[in-house]
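Every value quoted in this text rests on a predicted model; they were computed, and no experiment measured them.
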Amino acid sequence: MDNQSIAKIFEEIGNILEIQNQNPFRFKAYYRAAQTIENLSQELSEIYKADKDGLTKIPGIGRALADTIIEIITTGKSKGHEALVKTLPDGFLNMLDIRGVGPKKVKLFYTELAVKNIAELKKAAEKRLLQTLPGMGEKSESEILAAINEYLSTSHDRRLLFDAMQQADEFVAYIKDGKTGNLIEAIEPCGSLRRRAETVGDIDILCASKNPGKIMEKYVSYPEIAKILSQGSTKSSVVLKSGIQVDLRVIDKESFGAALQYFTGSKEHNVRTRDIAKRKGLKLSEYGVFDGDKMIAGKTEKEVYNAIGLPFIPPEMRENRGEIELAEKLGVKGEKNMPKLIELKDLRGDLHVHSDWSDASQDIETVAMAYKKAGFEYIAMTDHSAFIGITHGMDENRIQQQWKEIDKLNKKLAPFKILKGSEVDIHKDGTLALPDEILKKLDIVIVAVHSAFMLPEAEQTARIIKALKNPYVTIFAHPSGRLINKRPAYKVDMDAIIKTAIENDVALEINSSPSRMDLQDIYVKRAKELGAKFAINSDSHHSSHMEYLKFGVFVARRGWLEAKNVINAKSL
DNA sequence: GCCGTTTTCGGCCCGACTGTTTTCAGTCG
Ligand SMILES: Nc1nc2c(ncn2[C@H]2C[C@H](O)[C@@H](COP(=O)(O)OP(=O)(O)OP(=O)(O)O)O2)c(=O)[nH]1
Ligand SMILES: [Mg+2]
Ligand SMILES: [Mg+2]
Ligand SMILES: [Zn+2]
């Protein structure tokens with residue numbers, strides 16, 4: 001049983017305990033564990049196998065939850081979970097996904113109207129039965145019906161960071177435009193978008209202004225709006241025609257730092273920081289840090305962190321994945337010892353670039369000139385090796401022809417350098433699509449999986465490990481193979497692959513393509529801890545794709561990488 | 001259910017908006 005399935009079980013237990021109106025701290029413990037497990041970089045089964053007491057060392061997992069995990073690992077299920085699930089009809093918990101419907105309401109609908117799932121809830125709303133219930137009325141009933149219809153007609157996928165950032169930019173441009181522009185003292189997208197998570201659930205925008213009323217007015221007349229969910233004096237929420245929700249918070253300039261800290265999250269990070277403040281006899285909210293009635297910080301984020309005894313923590317690290325412990329250990333004075341996260345300007349080259357020699361549209365010179373002009377020092381030309389499914393894959397002859405072309409261009413473009421490379425397929429049996437005689441003459445040998453995604457975990461892992469052991473391999477590209485919202489990662493023992501890469505001096509790629517962002521942040525962080533090195537590559541099939549590199553840098557920062565961990569942050 | 005540089009017991013983040021309410025519960029951020 002993998003981590004995601006175990007996390008789901010804990011989430012369900014939490015939901016059911018909450019519906020049963022149990023102790024809030026008890027069901028929150030299940031939610032917290034689910035969240036932690038979802039973001040773990042090692043499989044629970046492996047952690048347990050390596051150390052029988054390993055599970056309880058995970059924060060938020062104590063004796064009881066560890067025993068449940070062990071039961072699931074060894075028997076494939078949890079009796080306690082199954083007993084709880086049996087108390088409710090199939091599909092019951094899905095009702096919680098309807099906006100405005102929570103644990104109290106599903107319980108009410110079930111006990112009073114025997115409503116068992118979303119379809120029955122819809123029927124009950126259409127028959128005007130909901131408004132007869134205590135605490136319900138016409139308005140809340142029609143809101144629920146509208147939310148159900150929206151739920152049934154739209155996708156529930158989280159958005160790619162790339163798409164969300166574009167929509168956020170468009171919205172910010174709109175709100176800054178015209179007369180309201182002068183009323184805006186600061187504006188910043190927050191939430192998961194500011195933390196640069198690979199997908200985001202909604203767009204959260206923070207705005208500083210002395211005139212929130214005017215801002216809100218302009219906000220709710222944004223032409224892209226499909227529905228206004230709520231509109232207050234400091235906070236409003238809407239759904240855009242594109243289906244994404246936008247939350248806008250308007251706050252006084254004096255509180256902007258505290259509000260940034262709040263609205264950037266993550267929620268788990270906020271709970272921790274607020275708890276720290278509380279232990280120090282202070283209170284932290286989006287309005288500031290307070291000592292009794294006295295506001296002692298709030299204008300900037302740094303001020304807020306320092307006021308509660310912590311160094312500034314970069315947004316990408318705020319996931320409660322160890323940054324709080326590190327920050328507490330270092331203290332305000334230790335700020336210089338926080339990781340100096342890599343930045344886009346640290347990148348000197350791009351080690352994964354395609355041309356019209358294989359499946360891209362531009363010739364080598366055009367691509368190289370574009371990189372040179374953008375200030376890069378080098379690229380590696382890594383067209384695909386010949387392989388089924390790849391258009392114009394390169395055989396040994398064409399590779400050698402390409403070298404002549406590269407030599408010619410290197411004379412012309414010096415000191416800019418084009419490295420000779422290839423993106424070599426890993427065959428199903430772990431052998432490579434090009435012979436060693438060619439590989440050893442290449443500057444950069446990227447290997448990657450482009451076929452047989454469905455192999456069983458052990459076989460897939462062995463296949464990749466065999467490839468990484470080839471002495472000429474330099475980079476393992478897009479290590480998980482997932483395409484966000486399109487194709488799941490193939491099944492592998494990622495820890496074993498990371499260790500093999502380290503032993504064989506192979507860099508792990510952080511592929512910057514917005515729908516890949518692969519290796520994922522959690523594994524980047526784990527691999528860094530184990531001592532891996534990385535390459536942040538665009539995998540560009542057009543020179544304009546060099547823009548993608550910033551998404552690779554986002555992933556790297558979320559994995560706490562510094563420039564020294566990244567091979568293409570070095571000059572040749 | 002978890003956890004410990006105030007604690008092994010008694011805490012567990014803090015606030016906005018809505019609808020239905022005559023003072024606030026529920027949901028959400
Ligand atoms: N203190 C506190 N802050 C919260 C809570 N829920 C949300 N926030 C803050 C932190 C979040 O990053 C921010 C925006 O909320 P969202 O629900 O949009 O979450 P976020 O953007 O992190 O993730 P998302 O991709 O939207 O699912 O609001 C909470 O329960 N307590
Ligand atoms: Mg959000
Ligand atoms: Mg939000
Ligand atoms: Zn490629």
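Taking atom P in both B/dT21 and B/dT27, one finds a spacing of 16 Å when rounded to whole Å. Taking the C1' atoms as reference points, B/dT23 lies 15 Å from B/dT18, given to the whole Å. Taking the P atoms as reference points, B/dC13 lies 14 Å from B/dC3, given to the whole Å. Comparing B/dG11 with B/dT6, their C1' atoms sit 12 Å apart, to the nearest whole Å. When the P atom is compared between B/dG1 and B/dA16, the two are found 33 Å apart, to the nearest whole Å. Taking atom C1' on both B/dC12 and B/dC17, the two are 25 Å apart, rounded to the nearest angstrom. For the P atoms, the distance from B/dG26 to B/dT20 is 14 Å, rounded to whole Å.
Following rounding to the nearest Å, A/Phe27 (CZ) and B/dT27 (P) show an atom-to-atom distance of 11 Å. Computed from coordinates, the A/Ile251 CD1 to B/dG15 C1' distance equals 10 Å when rounded to whole Å. One atom, CZ of A/Arg99, and another, P of B/dC17, lie 17 Å apart when rounded to the nearest Å. The distance between atom CG of A/Leu229 and atom P of B/dG29, rounded to the nearest whole Å, is 9 Å. Atom C1' of nucleotide B/dT27 and atom CG of A/Asn15 are separated by 14 Å, given to the nearest angstrom. As rounded to whole Å, 8 Å separates atom C1' of B/dG1 from atom CG of A/Asn23. Rounded to an integer number of Å, the gap from A/Met136 CE to B/dC24 C1' is 16 Å. Atom CE of A/Met216 and atom P of B/dA16 are 12 Å apart (whole Å).
Counting non-hydrogen atoms under 4.0 angstrom, A/Thr273 reaches nothing in the nucleic acid. Counting non-hydrogen atoms under 4.0 angstrom, A/Gln231 reaches the backbone sugars and phosphates but no base. A/Pro24 comes within 4.0 angstrom of no nucleic acid atom, judged by non-hydrogen atoms across all strands. Within 4.0 Å of A/Ile276, counting heavy atoms only, lies no atom of the nucleic acid at all. Residue-level contact check: A/Pro59 touches the backbone only, with heavy atoms under 4.0 Å from sugar-phosphate atoms and none from bases. Counting non-hydrogen atoms under 4.0 angstrom, A/Glu138 reaches the backbone sugars and phosphates but no base. Counting non-hydrogen atoms under 4.0 angstrom, A/Tyr262 reaches a base of the nucleic acid. Counting non-hydrogen atoms under 4.0 angstrom, A/Arg272 reaches nothing in the nucleic acid. As judged by a 4.0 angstrom heavy-atom cut-off over every strand, A/Lys267 is placed among the base-contacting residues.
Nearest nucleotide to the side chain of A/Asp275, out of B/dC14, B/dA16, B/dC13: B/dC13. Nearest to the side-chain atoms of A/Val271 among the listed nucleotides B/dA16, B/dC13, B/dT7 stands B/dC13. The nucleotide whose nearest atom lies closest to any side-chain atom of A/Lys105 is, among B/dT7, B/dC14, B/dG26, B/dG26. Nearest to the side-chain atoms of A/Ser230 among the listed nucleotides B/dC17, B/dT20, B/dC13 stands B/dC17. Which of B/dC14, B/dG29, B/dT18 sits closest to the side chain of A/Gln245 comes down to B/dG29. Of all nucleotides listed (B/dC28, B/dG19, B/dC13), B/dG19 comes nearest to the side chain of A/Ser140. Closest to the A/Ser233 side chain, of the nucleotides B/dC14, B/dG1, B/dC17, is B/dC17. In this structure, of B/dG15, B/dG29, B/dT7, it is B/dG29 that holds the atom nearest to the side chain of A/Phe263.
Here A/Tyr287 does not reach the OP1 or OP2 of B/dC13: none of its side-chain N or O atoms lies under 4.0 Å away. The phosphate of B/dC12 (OP1 or OP2) has a side-chain N or O of A/Lys278 nearer than 4.0 angstrom. Considering only side-chain N and O atoms, A/Thr234 lies under 4.0 angstrom from the phosphate OP1 or OP2 of B/dC17. Note on A/Arg26: a side-chain N or O is less than 4.0 Å away from OP1 or OP2 of B/dG1. Within the structure, a side-chain polar atom (N or O) of A/Lys139 is placed less than 4.0 Å from OP1 or OP2 of B/dG19.
For A/Tyr30 and A/Phe27, the ring centers are positioned 6.0 Å apart or more. Annotation: A/His156 is in aromatic contact with A/Tyr151 [ring centroid separation under 6.0 Å].
Judged purely by distance below 3.5 Å, without hydrogens or angles, the side chains of A/Thr56 and A/Asp53 never pair a donor atom with an acceptor atom. Side chain to side chain, A/Ser242 and A/Gln167 meet the donor-acceptor criterion of an N or O pair below 3.5 Å.
In the displayed structure, A/Lys241 atom NZ is contacted under 6.0 Å by more than 12 heavy atoms of other residues, nucleotides or ligands.
Position along DNA chain B of the nearest nucleotide to A/Arg63 versus A/Glu143 favours A/Arg63 as the more 5'-ward residue. Positionally, the nearest nucleotide of DNA chain B for A/Leu65 lies more toward the 5' end than for the other of A/Lys104 and A/Leu65.
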Would you mind writing out the side-chain donor-acceptor pairs for residues 226-234 of chain A within the sub-3.5 Å range, not counting sequence neighbours?
residue, atom, partner, partner atom, Å
A/Lys227, NZ, A/Glu143, OE1, 3.4
A/Thr234, OG1, A/Arg249, NE, 3.4

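For B/dG29, the paired base is B/dC14 (Watson-Crick or G-U wobble, both distances below 3.5 Å).
Ring geometry, A/Tyr548 versus A/Phe162: the interplanar angle exceeds 60°, so the pair is classed perpendicular (tilted spans 30 to 60°). Taking the six-membered ring where tryptophan is involved, the planes of A/Tyr222 and A/Phe171 are perpendicular, since the angle between them exceeds 60° and thus also 30°.
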